[in-house]
Amino acid sequence: MYTLKTSASFDSAHFLAGYNGKCANIHGHRWVIEVHAFSESLQSEGQQRGMVIDFSQLKKMVNALADRLDHCLLYEKGSLKKTTEDALLDEGFRLVPLDFRPTAENFAKAFFDSLSREGLAVSKVVVYETPDNCASYEV
């Protein structure tokens with residue numbers, strides 16, 4: 001089994017609605033996405049002969065995930081009042097509503113699923129919200 005690993009990072013704020021603790025307040029993280037791709041065999045022809053996937057292509061896919069979420073407020077749909085959303089948008093803030101609670105665990109699964117839909121053979125995605133705390137999703 002061949003395995004490749006790459007990572008990308010993004011800076012965003014979030015909060016956990018319905019949480020009884022400090023994370024109920026808006027706060028930021030330097031999120032790091034670590035992606036592990038795999039293959040039983042290497043490509044046998046063409047420019048990518050001897051590779052699972054070109055690292056530049058893998059990095060481009062992972063960077064695209066990070067770029068979409070960089071420097072914004074990540075929040076679960078329905079967790080902000082409409083008037084709050086409108087006021088923040090009126091002030092020019094970038095908001096990214098999500099279909100899930102913005103936890104490292106949920107991001108790991110969402111990134112895994114997104115890359116898999118793009119055709120990448122993903123074995124594991126790890127999401128760090130601090131240098132010491134991470135969550136992973138793997139098959």
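Side-chain atoms are counted along with the backbone in the values below, which use heavy atoms only and exclude waters and symmetry mates.
Side-chain contact check for R101 versus L16: some heavy-atom pair is nearer than 4.5 Å. The shortest distance between side-chain heavy atoms of V127 and F111 falls below 4.5 Å.
Ring planes of Y75 and F15: parallel class, angle under 30° (limits at 30 and 60°). The aromatic rings of F107 and W31 sit perpendicular, their planes meeting at an angle over 60°, well past the 30° parallel limit.
Minimum interatomic distance between Q43 and V52 (heavy atoms only, all atoms of both residues): NE2-O, 3.0 Å. Contact detail for S7 and V62: the closest heavy-atom pair is C-CG1, 4.3 Å. Considering every non-hydrogen atom in both S79 and A17, the closest pair reads CB-CB, 3.6 Å. For the residue pair D113 and K109, the shortest heavy atom distance occurs at OD2-NZ, 2.7 Å. Closest approach of V122 to V139, counting heavy atoms only: O-CG2, 4.1 Å. In this structure, K5 and F55 approach most closely via the heavy-atom pair O-CE2, 3.9 Å.
Looking at H29, its side chain does come within 3.5 Å of a backbone N or O of E129 through a donor-acceptor pair. E138 places no side-chain N or O within donor-acceptor distance of the main-chain N or O of S123, the cut-off being under 3.5 Å. Although no hydrogens or angles enter the test, the distance criterion places a donor-acceptor pair under 3.5 Å between the side chain of S116 and the main chain of F112. Although no hydrogens or angles enter the test, the distance criterion places a donor-acceptor pair under 3.5 Å between the side chain of R94 and the main chain of D70. A side-chain donor-acceptor contact under 3.5 Å links H14 to the backbone of P102. The backbone N or O of F100 sits nowhere less than 3.5 Å from a side-chain atom of N106 that would complete a donor-acceptor pair.
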I33 vs V125, side chain to side chain contact (heavy atoms under 4.5 Å, CB included): CA-CA, chis, key distance, verdict: CA-CA 7 Å; I33 310 166; V125 173; 4.2 Å; yes
Candidate pair V96 and L73, rule side chain to side chain contact (heavy atoms under 4.5 Å, CB included), full reasoning: CA-CA 6 Å; V96 176; L73 174 60; over 6 Å; no
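Once rounded to the nearest 0.5 Å, the distance linking OG1 of T6 with CE of M61 reads 11.5 Å. With values rounded to the nearest 0.5 angstrom, T3 atom OG1 is found 8.5 Å from H36 atom NE2. Atom CG of D54 and atom NZ of K60 lie 11.0 Å apart (nearest 0.5 Å). From S136, atom OG reaches atom CD of E34 across 9.5 Å, with rounding to the nearest 0.5 Å.
N133 and T130 are linked by a side-chain donor-acceptor pair at a separation below 3.5 angstrom, with hydrogens and angles left out of the test.
Under the 4.5 Å side-chain heavy-atom criterion for Ile, Leu, Val, Met, Phe, Trp and Tyr, L74 and F93 are members of distinct hydrophobic clusters. The cluster map of Ile, Leu, Val, Met, Phe, Trp and Tyr, joined by side-chain heavy atoms under 4.5 Å apart, puts L65 and L120 in the same cluster. Y19 and L98 sit in two unconnected hydrophobic clusters of ILVMFWY residues. Membership requires side-chain heavy atoms under 4.5 Å apart, directly or through other members. No continuous path of ILVMFWY side-chain contacts below 4.5 Å connects M1 to I53, so the two sit in separate hydrophobic clusters. Placement of L95 and I26 within a single hydrophobic cluster is found when ILVMFWY residues are connected by side-chain heavy-atom separations under 4.5 Å, directly or transitively.
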